[in-house]
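Below is one structure, written out as structure tokens; comments come after it.
All figures in this text were calculated on a predicted structure; none of them were measured in a lab. Residue numbers start from 1 in every chain, and the chains themselves are labelled A, B, ... in the order their sequence lines are given, proteins ahead of strands. Values reported hereafter were calculated over all heavy atoms of this structure, with side chains retained and with hydrogens, waters and symmetry mates removed.
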Number of protein chains: 2
Amino acid sequence: MARRRQAVTIKHVAADAGVSLQTVSRVINNEPNVRPEMKERVQEAIDRLGYVPSIAAQRMSGSRSYLILALNDRDRTIADWRARQGTDWVDQMLLGGMLKCAEHGYRMIFELVDTHSDHVEREILAAIAALQPDGIILTPPHSDNPQLVRFLAQQKIPFVRIGSQENGEGIPISMDDEGSARTATRHLISLGHSKIGFISGDPDYALSGWRVDGWQGEMAAAGLPTDGLLEPGDFTYASGERAARRLLESANPPSAIIASNDQMALATLEVARSLGLEVPRDLSVISFDNTPLVHFTQPPLTAIDQPIAATASMAVELIIAAKKGDPRPEALTVISADLVERGSVASCTAGTRG
Amino acid sequence: MARRRQAVTIKHVAADAGVSLQTVSRVINNEPNVRPEMKERVQEAIDRLGYVPSIAAQRMSGSRSYLILALNDRDRTIADWRARQGTDWVDQMLLGGMLKCAEHGYRMIFELVDTHSDHVEREILAAIAALQPDGIILTPPHSDNPQLVRFLAQQKIPFVRIGSQENGEGIPISMDDEGSARTATRHLISLGHSKIGFISGDPDYALSGWRVDGWQGEMAAAGLPTDGLLEPGDFTYASGERAARRLLESANPPSAIIASNDQMALATLEVARSLGLEVPRDLSVISFDNTPLVHFTQPPLTAIDQPIAATASMAVELIIAAKKGDPRPEALTVISADLVERGSVASCTAGTRG
DNA sequence: TTGAAAGCGCTAACAG
DNA sequence: CTGTTAGCGCTTTCAA
């Protein structure tokens, strides 16, 4: 292949406008100390020639690459893609992150990384060296991988940790998992439910714990017991099935179950059906995440929406702000989540069962 | 922000190995004319220092950017993302394209473009100027946008047109839409169906026509009429609903319907239910694409799988090959698609219906 | 407020 | 086979 050169470079613009390269550079980067008339003249030349700066060249000399790296867990992401069950985490990240990047002239690059591997650092170092990104977005479970977080801090690249509350390096953003769990629990309590079961998520994800905390906190606040109502899961359908079965086959089964993600809620629906329970008449179910499948279940699932797009968008904003030298937010950034009501919740008709 | 320099550059490696920059460069790029022992010595230094070339610098001097641009339709993609119905086209593109890129040290960058806009060229030129990608992947409906295709050809960048059969510039890859439609039709005919309705897709997409062709061809081959059995759709649920209703409420309704995508098949299922028809007993349905929702319908949909991941993977390979100077494939590259049997098809029990 | 010079990290072209 | 030289397009000094 022929050596491809930039069609129109800063030189062409400078020549066309009759100014120096620097002046053009200043206009591109919106720097001060350019007379309005100069600026206008240059801008005209830029438009006329259709000039767009090469990010490679910008990166070579300057401090910005206009690239933001989004790191996701390799195994889980690939497994989700292959399963074709509609998990849309990546899509929502793109929706929020990519579009926000575009607004600012940045691009988002996706990268998959093994969080458990002992050479995480090498993998990431390679990506950093190759791309020289202006910032990095960490998603769960990377966000809480201490090795990784420590390593990134050393690299002095701004990074956001999505789904993280821990103090320490990097900018944490949380999707208010605890608050959402409280919302879901309160919703059920207000409908008369008092035995509310909870299926937790993968303990690798810090947010799993926060969701449990929210449920427990709200139950406690209402003076309701939680003994025997918490079952561990790991976000898989199979784990949800096991957990739901234990909950529903116990001597004192709950009238409502909150599942920490949609797959486990789907499993709960299935177990309920197999036990002859009708949802929501005999059992109310609330799920977390609000992924596509909630539309297709029988009945459609009432769910806590996980505001991934809004969070990714905010992550990009925080990185760009950090890059500009703005101070990082004093407080934890929390993106609130809504409860989306569908058909899987009803009032508790106490005494109807067992 | 401080000016960030590469931590370890080719210079460090050269010094460490006691050779010239050029030799290191040759080793990195796997070029000939390096003695094995030299190569080994350099490789050791690279490993020891954890050196990774900066793609920005590689792009600046060389002819490669190690970036491949994947262009998708802006409106439809964003609409799909927002709808959160589980359309996983983008995910499958990433699964196939991104992973294949990674194998070769390339990265894939996603970009959304308005195909109908009159400044498509400007948008794309901007992306090309900024990124200097080594290749571009066009997806429908961009693949058949003549303005765009002509423009890209002028840029002398290798580009693949997914879902395209037309001759002309660029490397076309087809997912065998006509063949798949034939497969689906043949499957139904073999089960005794003779009145097989077809709901076509958005005419903006060339593949819509090929799917119709396949159905018509196979029907003709079997000596079956198609009058009144073709209804136009545009890939939306609403259009599928209209089309299914017309088909099923006609005086001489089909015993089977092939819908050109899953959304329209879903609509068909709904219309059938509203008409008191049971699927598959009273009506067989085959859908196209095999997106996530096929798992969740009642019954699960038998569908033609659209091999997006395999196609994206192949697209990347073809671009990298073209970049290396390999001749482009003489024949059209066709990725074959499979029929995935689920629960929406049964033998035709002729005469069962009115 | 503007311009000239230097160099980012790497490869192409050529010389040895 | 290996090394030297000259940039790629841009921003950062620094000087005017």
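Put simply, CD1 on A:Ile10 is 15 Å from C1' on C:dC8, counting in whole angstrom units. What separates CZ of B:Arg64 from P of C:dC10 is a distance of 13 Å, to the nearest Å. Straight-line distance from the OH atom of B:Tyr66 to the P atom of C:dG9: 18 Å, rounded to whole Å. One atom, CG of A:Leu131, and another, P of C:dC10, lie 14 Å apart when rounded to the nearest Å. As a whole-Å value, the separation of A:His12 NE2 from D:dC8 P is 10 Å. Put simply, CD on B:Glu31 is 14 Å from P on C:dC10, counting in whole angstrom units. Distance, B:Met60 CE to D:dC10 P: 7 Å, rounded to whole Å.
Side-chain N/O atoms of B:Asn33 include none lying less than 4.0 angstrom from OP1 or OP2 on D:dT2.
Annotation: side-chain hydrogen bond (donor to acceptor under 3.5 Å, both in side chains) contacts of B:Asp47 (sequence neighbours excluded): B:Gln43.
For A:Lys11, taking side-chain heavy atoms from C-beta onward, the closest of the listed nucleotides C:dT2, D:dC10, D:dC8 is D:dC8. Considering only the side chain of A:Val34, C:dT2 comes nearest among C:dT2, C:dT11, C:dC8.
With a 4.5 Å cut-off on side-chain heavy atoms, B:Trp81 and A:Met98 count as touching. Counting heavy atoms from C-beta on, the side chains of B:Ile10 and B:Tyr51 come closer than 4.5 Å. Side-chain contact between A:Arg26 and A:Met38 is absent, with no heavy atoms from C-beta onward closer than 4.5 Å.
Under the 3.5 Å distance criterion, with hydrogens and angles disregarded, a donor-acceptor pair is assigned to the side chains of B:Arg64 and B:Asn29.
Ion pair B:Arg35/B:Glu40 not flagged as a salt bridge, since none of the NZ, NE, NH1 or NH2 atoms sits closer than 4.0 Å to an Asp/Glu carboxylate oxygen.
Applying a 4.0 Å cut-off to non-hydrogen atoms, the residues of residues 35-59 of chain B that approach DNA chain D are B:Arg35, B:Met38, listed by residue number. For the contact set between residues 20-28 of chain A and DNA chain C, defined by any heavy atom under 4.0 Å, the members are A:Ser20, A:Gln22, A:Thr23, A:Arg26.
For the salt bridge (Lys or Arg N to Asp or Glu O under 4.0 Å) criterion with A:Glu317, the lone passing option out of A:Lys324, A:Lys100, A:Arg328 is A:Lys100. Among B:Ser143, B:Pro141, B:Pro140, the single residue meeting the side-chain contact (heavy atoms from CB on, under 4.5 Å) criterion with B:Thr115 is B:Pro141.
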